Each structure stands twice: as structure tokens, then as C-alpha cells.
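Scroll down for the structure; my scribbles are underneath it.
Given the structure is predicted, the values throughout are model-derived calculations rather than measurements. Each ligand, and each atom within it, is numbered from 1 in the order the structure gives.
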Amino acid sequence: MYLSGHEASLDLREVVGVKAVKIPAKSSTLSFGKNAKVDENVPYCIEMQPIGPLGFSVVIITRPGNHRWRCKQVSFQCKDSSLCHQWITAIKEALKSEAFCRPKKLVVFVNPFSGKKKAVKLYRDKVLPLFELADIHVTYIETERQNHARDLLVQNSLDLKRIDGLVCVGGDGMFSEVLNGLLTFTAHDLHIEEMDRFEPVAPDIRIGIIPAGSTNTIVYTTTGTSDVVTSTLHIILGDQIGIDVNSVNVNDQFVRYSVTLLGYGYMGDLLKDSDNKRWMGPSRYSWSGTKSFLANNAYYGEIKYRLSSNSDSHPTDAVKCYSGCDICSMAGQSNSRSTSKVEISAGRDTDLQLDEQSDFMKHSNSQSSDLSGSYSDSNWRTVIGKFVAVNSVTMSCSCDLSPPGMSPYCHLGDGCMDLIMVSQCSRIEFLKFLLRTAKGEERKNLDFIQMHRVKEFSFRPLTEDSDLLSISSEENIPQSKKVKLKRQTSRTSVWNCDGEVIDQPKISVRVHCQLVKLFARGVEDPSLQDDQKRNCCSPSFDNS
Ligand SMILES: Nc1ncnc2c1ncn2[C@@H]1O[C@H](COP(=O)(O)OP(=O)(O)OP(=O)(O)O)[C@@H](O)[C@H]1O
């Protein structure tokens, strides 16, 4: 918004709503008269000129800092009530324009048991009044049990074709439930069977998240904060961002979609233990994290992964994914041109990757090779080793506890995930890794870590007799060593898949570029001015 001389202009992209108000006699407000006009060349700006007394307030976004958004009222006086109502109607109509992509009808799921059990109150006190101001029609559903929201979606009980979006008030678990329900409904609606290596279809509607859970990673990663009002405003403005989604297969059967973390070893053990301690509330994660850390378990496994064809893009490349990110925009464009196109290997990074791996190999007794058969693409690699943790993230996974996130340079919509393999190491070394991760510090010089940007990967625990030969360097393993190795390899962990336990260790995971759209703008680059933040974000208003 700018105020100059006798004119005021409001950027409608950042207007939350408009309402009639009584203007106090001495308020420093603006009013407008005969010459006020809607500029047809700039459809999202309405110019106003000052004059007289009755009024209305336009509620706009302000940015007090730390990525939080707040509302501010700008009041205008009119010389009579009919002019006042004309302006209110004109602004409301302008906001309804398709160009703004604002939601008009939403289904809101509230999990009353999320986090500190305040989701219902947060929704009533902070979210609903803003939705009402923005003229959004809401169908409110308080969930009664786990998978209630998912079942309603899959059974198509909500007439999804008539709404603009779904909103979940809760934590990452609640979002995951809604995401899985929506994608399964979309596949069933098109008679597509969700099976190994199927191509999921992007839903027509967007999902919004109001943070009210113990973990609010997705909200934090897509808005830069876990703030209820900020997330509500992102939804109202109709912001949208495409995020990558993984399809996860267990023993060659599709099981679910994931968007944040898949973690084996440390993260899996932590989750399994914390699930038995729900009575502790959110502090169960710190308790179980400490327990898993002290156990320092390592597990044998074989990981096959397909590297991204973009060899310039790497988990340590220091390119942050901000709102309007070029890498995600390009990935989104090429994805919409051809979702089924097979990626062509750039090839260039092969030697580099092998060099990078050498230290890790020494540390983990691992091996790397190109593969044949279904893994014949030259970007496929194999690592065999004993791992404290195998983590794959599809977004940076920033959160209140670790603002940089598990992989600070991971992109929201580049069609890749960051695979982080932590080979067997001492507790001190692992602590170093955890601390550096929490603070977002450099980890590439830790020789027990290997990080790659990948399109897909599979993991298999080395529990077969035939696997012993690949673990041991000896051709004829002595019986005593065989027994010891057998004991070690029979021990497996579980997968932490977006906070849900997957008990079977053998999985394969594939990323689907920007499969789902969220109501969010992405994290705004703090180095930009407010007007630059507005202009870099929304594809609908791309001036080029
Ligand atoms: N009414 C309900 N009763 C019990 N569980 C529910 C209910 N509604 C949703 N759930 C389930 O609760 C789980 C956790 O929800 P949510 O993510 O909102 O809270 P949370 O406190 O952040 O939990 P977590 O950190 O464990 O994910 C989800 O898997 C969701 O399916």
C-alpha cells in the first residue's frame, strides 16, 4: 500500500477483507470521491481519493518480523452510506476475481487431540473470525478418531468437486492423514490402482495447515514460522505452492504417501519408543531421542539410489528454497510439460560421486557399483554398510526446535529428496552430527556421513545368508564369525514415515514432483523488502 498526496492505493493481493465501520471523528483516515476508480490495467489495485465521514476498513497484511504476518486495518471515510457500500461491494467483488485464486469454500478438519489439545479453541478464537472476514464458507469437522478425516475423503463424503480446499488444524500427523486421503480419493476417482510404481495424479484442490500439533514441520517449512494467524492469512490470500510427495512401497506393495521424513535407525527407533509414551505429551520425543542416542544402534543394509540428473543441485549447495524459488519453478514447468518423461542421465556427476564416496566407504565398509536390470540407469548407485541412521527428506524439515531443518537446502518442489546416510560411528561422532544438523552447520566434512540429492531409493536389510559375503571381505567366513555376523544382521530397525511407524524395513521410495498444492507462499527471503516479497511469490501475478 502507498499513500501519496491525496491518493491512496491498496494492493489487493494482500487484502484480507473489508468491513463497514464507524470512523471516530479524529481518526487519520482516507476517504474517496467521484474520481476514485478501478484501474483496468492493474486489476489488483484500486485508487482512492480522500473526502468525507462514514466509513469502512480494509484489513491488510503486515510483516512484524520472523516471517510472521499480522492484520492491520486501514480505514476510509465516505460522504454517504451508499457510496460506502458501493466500495465495500466493489472491493469484495475484486477479491473474488479468479486471478487471486482465493478459496471461497473450505472443509476444515480439526483434531481436538493435537499437541496441547488446544486446536478447537485456536480455530474458534483466531482462525474462524479471519475466515468470516474473508467471506470464506467453511464446513467444520471435528475428528472423532484416527483416520476419520481420511475415511471421509476416500469415501467421497464431502463432495470435493464443490470446494476449493481442505484445511487441517493439527500437527504433521493430521496433515499426513488428509494428504493420503485426498491422493487416494483422486486415484480412485480416476480408477487408478495404487500399486508398486504407479503414477499418482495431482488433486484439483489445495490443502492448508493451521499449526496446532506437537510437530508442525510442514507449516514451518512452507511459511517460515509455526504461527496460527500467519498460516490462516496464507490460506485466505490463496497463496499456493507445489510440494513434492513420495510414494512409499513396502515389499513391493504401495503403502502410503509421505512429504517430510523417512528415517531408519535412529529416527525409527526414536518414534517406535515414543509411540509407547504418548502419555508424556510432546516431551516424549526428547525422552525417546536421548534413549535412542545412548543405545547407538547400527543396522546392516543395502541402499540403492538414483541421483538427480541435475548435478549442480546437491544437499550442500547452499541454495535456499525461498518463495518463488527458480529451481522449483523450473522443475514445476518441466513436470507439467511431461510428467511421464523418463529422466535423462546427465552422466557428468558419476566420477565425482564415486570420489566423494571413498571416505565414507572406508568408514562404513561399504561398496558402490552401477547396477543392471531395473536399476540400469547410469545414475543408480548402491551402498552396503552398517548405518546408525538412513534419512530421506523431501523438504528441509525446519521446525521450532531446528529452524535450519534436517537438510537446510532441500527444495519443496524440485522433484528430489535429500538422502542422508550416517554410517556406524561413535556416540561422540553421532552427537556432532546431531548438533550440526540442529544448528544448520556444515556436515560434509564428517567422513561417516554421505548426502545425495536423489529421485528414488530403496533399502533392504541384510538378513539373508547370502548377504554375509557382501558384508565381510573374506570369501570363506569362519563359522564363529558367521554366527556373530548373523546375530548382528538379524537385528533390524523400523521406518519413521512422516511420524508413522512402518515395521517392515524393506522399502522403496519414489518422489513425485509437486504432486500436491498447499495454501502457502513459501518462506519469504528475509533480505527482500516487503514489496519485493509480494512480487516474487504468486504465479497468478507474474508481471512478465
Ligand atoms: N479425534 C481423534 N482422536 C485420536 N486421534 C486422532 C483424532 N483425530 C486425528 N487423530 C490422529 O492423531 C494423530 C496425531 O495428530 P496430530 O499430528 O494432529 O497431532 P500431534 O500432537 O502433532 O501428534 P504427532 O506429533 O504425534 O503427529 C494423527 O495421526 C491423526 O490421524
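Distances from atom 27 (O) of ligand 1 to the heavy atoms of Gly173, Ser176, Ser274, Ser214 show the closest one on Gly173.
Between Gly115 and ligand 1 there is a heavy-atom distance shorter than 4.0 Å. Ligand 1 has Arg284 within reach: a non-hydrogen atom of the residue lies less than 4.0 Å from it. Proximity of Glu500 to ligand 1 is established by a heavy-atom distance of less than 4.0 Å.
Protein heavy atom closest to atom 5 (N) of ligand 1, with residue, atom name and distance, is Gln146 N, 3.7 Å. In terms of protein heavy-atom proximity, atom 25 (O) of ligand 1 is closest to Tyr285 OH, 3.0 Å. Protein heavy atom in closest approach to atom 30 (C) of ligand 1: Glu177 OE1, 3.1 Å. At the top of the distance list for atom 3 (N) of ligand 1, counting protein heavy atoms only, stands Phe113 CD1, 3.4 Å. Ranking protein heavy atoms by distance to atom 14 (C) of ligand 1, first place goes to Asn111 ND2, 4.0 Å. Looking from atom 18 (O) of ligand 1 to the surrounding protein, the closest heavy atom is Ser114 OG, 2.5 Å. Closest to atom 1 (N) of ligand 1 among all protein heavy atoms lies Thr143 O, 2.9 Å.
Ring to ring, Tyr300 and Phe387 are not that close: their centroids are 6.0 angstrom or more apart.
Arg150 contributes atom CZ, which lies 9.0 Å from atom CZ of Arg256 (distance to the nearest 0.5 angstrom).
Remark: Arg145 engages Asp151 in a salt bridge, criterion side-chain N to carboxylate O under 4.0 Å. We find that Lys96 and Asp135 are not joined by a salt bridge, their nearest charged nitrogen and carboxylate oxygen being 4.0 Å or further apart. Salt-bridge check for Lys161 with Asp189: passed, with a basic side-chain N closer than 4.0 Å to an acidic carboxylate O.
Close contacts between ligand 1 and Asp172 involve ligand atoms 17 (O) [criterion: under 4.0 Å to a heavy atom]. Heavy-atom contacts of Thr215 reach the following atoms of ligand 1: 22 (O), 25 (O) (cutoff under 4.0 Å). For ligand 1 and Glu144, the ligand atoms under 4.0 Å from any heavy atom of the residue are 1 (N), 2 (C). Of all atoms in ligand 1, numbered sequentially from 1 with element shown, those under 4.0 Å from a heavy atom of Gly170 are 18 (O).
Residue contacts with ligand 1 for Asn216 are absent, since no atom lies close enough (heavy atoms, distance under 4.0 Å). Residue contacts with ligand 1 for Arg145 involve N, CA, C or O but no side-chain atom from C-beta outward (heavy atoms, distance under 4.0 Å).
Checking only distances, Gly213 never comes within under 3.5 Å of ligand 1, N or O to N or O.
Of the options Arg70, Arg68, Arg63, a salt bridge (charged side-chain N to carboxylate O under 4.0 Å, His left out) to Asp227 is made by Arg70 and by none of the others.
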Could you pull out every donor-acceptor pair under 3.5 Å between side chains of residues 203-214 and any protein atom, sequence neighbours left out?
{"unit_1": "Arg206", "atom_1": "NH1", "unit_2": "Cys101", "atom_2": "O", "d": "3.2"}
{"unit_1": "Arg206", "atom_1": "NH1", "unit_2": "Gly238", "atom_2": "O", "d": "2.8"}
{"unit_1": "Arg206", "atom_1": "NH2", "unit_2": "Cys101", "atom_2": "O", "d": "2.7"}

Mind listing the side-chain donor-acceptor pairs of residues 413-422 below 3.5 Å, one per line with the distance, residues two or more places apart or on another chain?
{"unit_1": "Asp414", "atom_1": "OD1", "unit_2": "Cys416", "atom_2": "N", "d": "3.1"}
{"unit_1": "Asp418", "atom_1": "OD1", "unit_2": "Arg453", "atom_2": "NE", "d": "2.8"}
{"unit_1": "Asp418", "atom_1": "OD1", "unit_2": "Arg453", "atom_2": "NH2", "d": "3.4"}
{"unit_1": "Asp418", "atom_1": "OD2", "unit_2": "Ser407", "atom_2": "OG", "d": "2.7"}
{"unit_1": "Asp418", "atom_1": "OD2", "unit_2": "Arg453", "atom_2": "NH2", "d": "3.0"}

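Counting only heavy atoms from C-beta outward, the side chains of Phe185 and Leu160 approach each other to under 4.5 Å. Side-chain contact between Val259 and Asn246 is absent, with no heavy-atom pair separated by less than 4.5 Å.
For the pair Arg427 and Phe430, the cation-pi test (distance below 6.0 Å, angle within 45°) is failed.
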